[in-house]
Each structure stands twice: as C-alpha cells, then as structure tokens.
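The structure appears right after this line, and notes come after that.
In what follows, chains are A, B, ... by sequence order, proteins preceding strands, each numbered from 1.
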Protein chains: 2
Amino acid sequence: MANRSCIIRLSRYKNALNRLRTLNFVRVFSDNLADAAGVTAAQVRKDFSLFGITGNRRGGYKVADLADQLNKILGKEQLQEFVLIGVGNIGRALLHYPGFERSGINITAGFDIDPAKYAPEGKPPVLPLERLAEFVKHHSITLAIMAVPDYAAQQVLGLLLSAGIKGVMNFAPICLKAPSGCIVNSINLETELENLIYFVNANENGN
Amino acid sequence: MANRSCIIRLSRYKNALNRLRTLNFVRVFSDNLADAAGVTAAQVRKDFSLFGITGNRRGGYKVADLADQLNKILGKEQLQEFVLIGVGNIGRALLHYPGFERSGINITAGFDIDPAKYAPEGKPPVLPLERLAEFVKHHSITLAIMAVPDYAAQQVLGLLLSAGIKGVMNFAPICLKAPSGCIVNSINLETELENLIYFVNANENGN
DNA sequence: GCGAAAATGTGAAAAAAGGCACAACAGAAC
DNA sequence: GTTCTGTTGTGCCTTTTTTCACATTTTCGC
C-alpha cells in the first residue's frame, strides 16, 4: 500500500511541521508542506488520504494535530531502542550522534569484536559481540544498526536474526539477504556519492 | 532518461563485478548480477541497454569489460575530489572514512566555523570556512559534502554555490533549494530510521 | 443568511517503471 | 556443417506512481 518513497515524504512533512510548531503556526496548507518537502500539493494530499488523514476544506490542516498523526504513523510516540554493531569510523559517529536523541531514537549499546573498542562503562556502552544475543533479548530490542565491513555483514546479520532482531539499518556496502520476518534497509555512502557524480556530469553535458 | 534508481542499480552491479573480478571470474550473466543486486535479470539487461552496453548472446558479459564500462558511466575513471563542510560528529567520520579512498573518492579538505576544529596540518586538513571559496577555486573542486546543522544548511549551500560547487551531498536534515546548475542529494539518517521503523511495524501487524 | 473565495479529497488520466516472453543470435556438441 | 542449447536484447503489456482537474466543503464578508 504505502511504499518507501511515501513514508520518506511523511517524514519530511513531519519535520516541516515540527519547525512550524516551534514558530507557533496553527494551520498549514498542502502547498506549504509541498514546498517544504519538494513535492506537489496534490502529492501531499494523496499521501494523507492514504492514511485517512483529513484536514479542513477551507482551513487546511491543524499543525499540532497533523504532527501528532504523523508521529504516530512513524512510531515516534515511543522511544525506539537500537543496538549498533561495528564501532568503527561510521559506527562511532552514529553511537554519539546527537540528532537521534532529539528524535526519539536511542542507541542502547554498541557491539564489536575488537577488544580495543570495548567500553562497558561508556554512554552508550560498547560490549563484546558475544554478548549481543543476551543483551538484545534481555532489553527486548528489535532494531539494529550495522556498520561493519562488507565481508562480515551477512554473517553479522545472521547473528542479529537469531537474536530476534526485526529491523536492520545497514551501512555495509553490500546487498544483504534477509528472511521476510526482518526488514533490512541499506545506506551505501559510496553509492550515494557515485549517484551524485553521475547526475552532476549529466547536468553539465547538456541535461 | 536514466533515473536515480537506475544509477543506484548500476553501482550495485559495479560492486558485484568488482567482487567477481577479485575472484578471477571472466564471464557473468544477467541473472548473476540480478541476484547480487536484488533485482530481476530483465531489469539488469534493460539498464544496460539504456547505456548501450551489450553482451554476448550466448556467453553473457565479460566481467572486465563490463566493469570498465560501468566505471566510466559512474565517473570512476578519475579521482573525484570533494570538500567537506561541517566537521562535527558525522563530518569527522566521513573525513576519515577509509572506504572512500578505495573507491576513487578523496576529501581534499574539511571546513568549519569553529576554530576548535581547525587542523591545517591534518590529513585531510580542516580549515576555516572563510577559506572555502578560495580553496575550491584554487583546486578546481566541484563537489561537496555538507554535514552541518539544519539551521545552517541553506546558508552554507549559498556559500558553496557562489564558490562554484556543482554537486552537494547533504547530511543536514532539511530539504534544500538549489538552482538547476547544482545537484543536491540528501541523506537524512533520522528519516531512514523512521522508514525502517514504519516497515518493521507494518511487517509485524500482518504485512 | 447568502454569495464568493479558498482549500481539500479523490476519481480519472497520464507518465514512469518494471516484468514477461520470445525472436535472434552465439557457441557447443557431435 | 548441422543441430541443439542457453542467453541476450527488446517490443509490449502490467503495475505503480504521479499529476490533473473539479466537485465539495468550509469560512469570511456583508
């Protein structure tokens, strides 16, 4: 029904609404959100209709109500707990990324195989990979971030699956195979930059 | 003509080919690449035909040739120089991300407004933001990575534009407005996690 | 109240993307 | 040389996504 692009747009609308909320705006129109999210007004309304979100035929949408509804859809009503596997360059940055706390995302602990990375008293702590399954089960965590080298990624995914993880954000530059009980989304930094480079070149050489 | 998803698939094919090349594979078929990239074989062939890439009706594609052609399309024949703006948590990780070097991407320098971040002798150096325009022009750099706070992003983009930057990879959680002469691609970590959370929930509650 | 103005909500059209299926072709086997 | 096998390249059909356009509803001014 709702696809990935649609949910990404919902996040954008939500972010725009949060900014409007801090500016004490009460109402917002589909064009405003369209501008903020870089889409058309019709798209905004279609997206909302998919989730049964309705506004007022003359007065647009109430900022606070709309934000609440989007937050609910996006699971922002409760704190979302993640574990992070791979405390390397990227992993460490994510472990301490201040943006997550602000948006209801918490990395409960990091895990690594390298003892040099262990920091059991850190905030968040970094623990040995062997303790992953126990930790995940004890804290009832279902979400993970993977920032491990590509050659280790599929194997680590196996560990996560058997620990009961249901969703994985993967930063390893490889396409992972997962069973239907677990959602895996990937961000590949190199791929994203290649994409940019391609479109810059295409843009230079006459559209 | 070719859209974003198509180029992303090309990157995946390219990555798969590199792995095959290190394993001394000579030939590859569209199904192999399809498996590696998580798409159908017809899609692989369609993508290639869009770029005039042809194989052999019985023998598939030659790994080395195909890799070369994809590398050319993706601009991987020459080293791509980037500047990075915003040496915070994420910016610092990107500045030292070892994966980039391996894939022909070089961050020539980082820039920040905070004097505490300056490291003119670092590798790469971190310089004051005021020196951005001069540096970019002197080194003929056209690509940038932005990892600044959301409230600063649009303003920093203005600086980049006037310095002559043609492509920006943006990590700030905001939708930026850019003129047609400059391509801006964004990665929003929070949005990606929200997306994951949504689909995990949808997956749990009966598809 | 009533008419005018301004947004929404949505069915229907258009556009884009993806998959199927098969003719065409290359190479292997004999 | 001939046949057979296996894979590509692509026209066409299906599905998905986006946009258009307008009837409908709400509010405002008088």
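- As judged by a 4.0 angstrom heavy-atom cut-off over every strand, B:R9 is placed among residues touching the sugar-phosphate backbone only.
- Considering only the side chain of A:K46, C:dA12 comes nearest among D:dT27, C:dG9, C:dA12.
- Across all strands, B:G60 comes closer than 4.0 Å only to sugar-phosphate atoms, never to a base (heavy-atom distances).
- Candidate nucleotides C:dG18, D:dT10, D:dT19 were compared by shortest atom distance to the side chain of A:T40, and D:dT19 ranks first.
- Considering every non-hydrogen atom in both B:L17 and B:V63, the closest pair reads O-CG1, 3.9 Å.
- In this structure, B:I53 atom CD1 and D:dT8 atom P are separated by 13 Å, rounded to whole Å.
- Heavy atoms of B:T54 sit under 4.0 angstrom from primed sugar atoms or phosphate atoms, though from no base atom.
- Regarding A:F48, its CZ atom lies at a distance of 16 Å from the C1' atom of D:dT18, rounded to whole Å.
- Atom pair B:L50:CG and C:dA16:P shows a separation of 13 Å (rounding to whole Å applied).
- Distances shorter than 4.0 Å separate some side-chain N or O of A:R45 from OP1 or OP2 on C:dT8.
- In this structure, of D:dT8, C:dG19, C:dA26, it is C:dA26 that holds the atom nearest to the side chain of B:N56.
- Rounding to whole angstrom units, CZ of residue B:F51 and C1' of D:dG9 are separated by 16 Å.
- A salt bridge is defined here as a Lys NZ or Arg NE, NH1 or NH2 lying under 4.0 Å from an Asp or Glu carboxylate O, and B:E194 with A:R12 fails to meet this definition.
- Regarding contacts with the backbone of D:dT8, a side-chain N or O of B:S30 is found under 4.0 angstrom from either OP1 or OP2.
- Scanning both residues, B:A172 and B:A153, for their nearest heavy atoms gives CB-CB, 3.7 Å.
- Taking every heavy atom of both residues into account, B:R45 and B:S30 meet most closely at NH1-OG, 3.0 Å.
- Residue B:R58 places its side chain closer to C:dG27 than to any other of D:dT8, D:dT10, C:dG27.
- Looking at heavy-atom distances under 4.0 Å, A:R27 makes no contact with the nucleic acid at all.
- Going from atom CG of B:L66 over to atom P of D:dT7 covers 16 Å, rounded to whole Å.
- Looking at the side chain of B:Y61, the nearest of the listed nucleotides D:dT19, C:dT8, D:dG9 is D:dG9.
- If you look at B:F82 and B:F100, their ring centroids are not closer than 6.0 Å.
- No engagement by B:G59 is indicated, since no non-hydrogen atom pair under 4.0 Å with the nucleic acid exists.
- Projected onto DNA chain D by closest heavy-atom contact, A:R57 and A:A42 fall at different nucleotides, the more 5' of which corresponds to A:A42.
- The CZ-C1' distance, from A:R4 to C:dA17, rounds to 17 Å in whole Å.
- Comparing atom distances between the A:N3 side chain and each of D:dT19, D:dT17, C:dA21 picks out D:dT17 as nearest.
- Between B:F135 and B:H139, the two ring planes are parallel [angle under 30°; tilted spans 30° to 60°].
- Taking atom CG of residue A:D35 and atom P of nucleotide C:dA7, one finds them 13 Å apart after rounding to whole Å.
- For D:dT19, one of the phosphate oxygens OP1 or OP2 lies less than 4.0 angstrom from a side-chain nitrogen or oxygen of A:Q43.
- Whole-Å rounding puts the A:L10 CG to D:dT17 P distance at 14 Å.
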